[in-house]
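Okay, structure first, notes after.
Excluded from the calculations below are hydrogen atoms, water molecules and symmetry mates; all remaining heavy atoms, backbone and side chain alike, are included. Since the structure is predicted, the reported quantities are computational estimates derived from the model, not experimental observations.
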Amino acid sequence: MFFEVELQRDVKINANNLDKPVSRRFILACLLDNLFKEKASEDHGYFLAVTRLKSIGKGNVMDESGNTVFTVVFTCRTFKPFPGEELQGVVRYISQHGVLLKCGPIRNAFLSAWKMSKYQYIPGKKPAFLSNELSKIEKGVVVCFLVLAVRWINASKDFEMLASVDADSLGPVSLPGSDELEL
């Protein structure tokens with residue numbers, strides 16, 4: 001789910017960059033760089049975009065090094081998955097145990113073979129899961145799935161999800177122009 005959250009971060013400017021007045025643009029560039037490194041938080045999810053800069057505080061010199069800290073208040077668009085949500089992901093790996101999907105910034109959404117009861121595993125050079133209605137889940141296919149569980153991994157600052165397609169309107173998504181016959 002997407003959110004718009006108000007955040008506050010301290011942006012440290014190295015003393016070497018203070019030989020001339022620090023511009024708002026430079027502080028914002030440092031903030032964006034810090035958010036890119038931070039990537040996500042357990043509370044807010046993945047940081048996607050700064051949507052509004054609310055304020056930049058007066059710089060406070062930290063110590064004798066001359067490094068200065070500016071407190072920045074801003075709004076940010078975030079993405080955080082929740083159990084019960086329907087999302088779409090792209091199949092990136094298939095095994096007899098299930099499918100790994102990529103869903104936006106989330107690299108690991110696991111769709112267990114147990115949660116695809118209408119599908120059978122087809123081994124080979126291009127493994128896939130095939131249903132009785134001949135819908136196919138293979139590498140590169142977009143799949144609509146239900147989020148069953150979400151786990152935060154603190155070490156990598158990532159979320160992982162457990163998924164299911166055992167409900168109506170879930171499974172491979174037919175995209176316009178993908179493999180339809182043109183007359």
Side-chain angles (χ1 to χ4, degrees), residues 1-14 17 22 24-60 62-63 65 67-95 97-116 137 139-167 169-173:
M1 186 172 292
F2 292 97
F3 296 98
E4 197 81 18
V5 295
E6 184 174 303
L7 300 171
Q8 178 179 311
R9 294 291 189 272
D10 288 334
V11 177
K12 183 175 121 181
I13 306 295
N14 191 303
N17 295 319
V22 179
R24 289 173 59 91
R25 175 179 249 169
F26 183 73
I27 294 169
L28 182 58
C30 292
L31 172 68
L32 291 173
D33 187 50
N34 293 347
L35 277 180
F36 178 75
K37 290 174 185 168
E38 191 176 343
K39 185 164 95 172
S41 77
E42 185 174 9
D43 294 333
H44 302 295
Y46 291 93
F47 304 119
L48 302 178
V50 172
T51 55
R52 187 168 159 225
L53 185 59
K54 288 197 165 189
S55 69
I56 298 176
K58 192 174 182 180
N60 296 318
M62 289 176 48
D63 50 32
S65 69
N67 293 339
T68 304
V69 173
F70 295 87
T71 300
V72 180
V73 179
F74 59 98
T75 56
C76 184
R77 181 155 302 129
T78 63
F79 171 71
K80 184 177 179 181
F82 287 96
E85 262 188 296
E86 281 188 20
L87 297 174
Q88 292 183 355
V90 178
V91 176
R92 59 184 200 92
Y93 178 77
I94 294 181
S95 77
H97 303 290
V99 173
L100 274 180
L101 302 160
K102 182 177 185 327
C103 175
I106 300 171
R107 294 180 346 172
N108 293 315
F110 181 65
L111 176 55
S112 170
W114 291 99
K115 295 298 178 183
M116 296 187 281
I137 297 176
K139 189 173 181 179
V141 167
V142 176
V143 176
C144 184
F145 62 91
L146 180 70
V147 178
L148 297 177
V150 178
R151 177 172 61 176
W152 169 251
I153 309 297
N154 202 37
S156 62
K157 298 220 183 270
D158 270 316
F159 288 95
E160 291 181 341
M161 295 186 292
L162 184 58
S164 172
V165 294
D166 280 346
S169 75
L170 300 178
V173 176

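Remark: the backbone N or O of Met1 is paired with a side-chain donor or acceptor of Glu85 at under 3.5 angstrom. Not one N or O on the side chain of Arg9 forms a donor-acceptor pair closer than 3.5 Å with the backbone of Asn34. At least one donor-acceptor pair under 3.5 Å links the side chain of Lys80 to the backbone N or O of Glu42. A donor-acceptor contact shorter than 3.5 Å is absent between the side chain of Thr68 and the backbone of Ile13. Between the side chain of Lys58 and the backbone N or O of Asn60, no donor-acceptor pair lies under 3.5 Å.
The CG atom of Leu53 lies 7.5 Å from the CG atom of Leu31; values are rounded to the nearest 0.5 Å. Distance CG/Asn154 to CH2/Trp152: 6.5 Å, rounded to 0.5 Å. To the nearest 0.5 Å, atoms CG (Asp10) and OG1 (Thr71) are separated by 4.0 Å. Annotation: the span from Phe74 atom CZ to Ser55 atom OG amounts to 10.5 Å, rounded to 0.5 Å. To the nearest 0.5 Å, atom NE2 of residue His44 and atom SG of residue Cys76 are 9.0 Å apart. Rounding to the nearest 0.5 Å gives a distance of 10.0 Å between OH of Tyr93 and CZ of Phe110.
The environment of Lys115 atom NZ is sparse: at most 12 non-hydrogen atoms of other residues, nucleotides or ligands sit within 6.0 angstrom. Within 6.0 Å of CZ in Arg92 there are more than 12 heavy atoms belonging to other residues, nucleotides or ligands. Residue Phe82 qualifies as enclosed at atom CZ: its count of foreign heavy atoms under 6.0 Å is above 12. Remark: Lys139 NZ is loosely packed, at most 12 non-hydrogen atoms of other residues, nucleotides or ligands lying under 6.0 Å away.
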Under the criterion side chain to side chain contact (heavy atoms under 4.5 Å, CB included), I'd like the reasoning laid out for Leu101 against Val99: C-alpha separation, chi angles, the key distance, then a yes or no. CA-CA 6 Å; Leu101 302 160; Val99 173; 3.9 Å; yes
Assess the residue pair Phe79 and Phe47 against the criterion (ring-ring contact (aromatic ring centres under 6.0 Å, His included)); give the C-alpha distance rounded to whole Å, side-chain angles, the decisive distance to 0.1 Å, and a yes or no. CA-CA 7 Å; Phe79 171 71; Phe47 304 119; over 10 Å; no
Pair Thr51-Glu4, side-chain hydrogen bond (donor to acceptor under 3.5 Å, both in side chains): steps then yes or no: CA-CA 8 Å; Thr51 55; Glu4 197 81 18; 2.2 Å; yes
Verdict with supporting geometry, Phe70 and Lys12, side chain to side chain contact (heavy atoms under 4.5 Å, CB included): CA-CA 6 Å; Phe70 295 87; Lys12 183 175 121 181; over 6 Å; no
Verify side-chain hydrogen bond (donor to acceptor under 3.5 Å, both in side chains) between Arg151 and Asn108, making sure each step is shown before the conclusion. CA-CA 10 Å; Arg151 177 172 61 176; Asn108 293 315; over 6 Å; no
Applying side chain to side chain contact (heavy atoms under 4.5 Å, CB included), run through Ser112 and His97 and close with a yes or a no. CA-CA 6 Å; Ser112 170; His97 303 290; over 6 Å; no
Working for side chain to side chain contact (heavy atoms under 4.5 Å, CB included), residues Glu6 and Val73: CA-CA 7 Å; Glu6 184 174 303; Val73 179; 3.7 Å; yes
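Closest of all the heavy-atom pairs between Pro81 and Ile106 is CG-CD1, 3.5 Å. Taking each heavy atom of Ser164 and Asp166 in turn, the nearest pair found is OG-N, 3.0 Å. Between Tyr46 and Asp158, the closest heavy-atom pair is OH-OD1, 2.9 Å. The minimum heavy-atom distance between Cys144 and Glu86, with the atom names listed, is SG-OE1, 4.0 Å. The two residues Pro83 and Ala149 come nearest to each other via the heavy atoms CG-CA, 4.3 Å. In terms of heavy atoms, Gly89 sits closest to Phe145 at N-CE2, 3.6 Å.
A 4.5 Å side-chain heavy-atom check between Met161 and Leu148 finds every atom pair outside the cut-off. Annotation: side chain of Glu160 is in contact with side chain of Ile153 (closest heavy-atom distance under 4.5 Å). Looking at Arg24 and Leu28, their side chains never come closer than 4.5 Å, going by heavy atoms from C-beta outward. Residues Val143 and Ile137 meet the side-chain proximity criterion, which asks for heavy atoms closer than 4.5 Å. When side chains are defined from C-beta on, Pro105 does not count as touching Phe159, because their heavy atoms never get closer than 4.5 Å. With a 4.5 Å cut-off on side-chain heavy atoms, Val50 and Leu35 count as touching.
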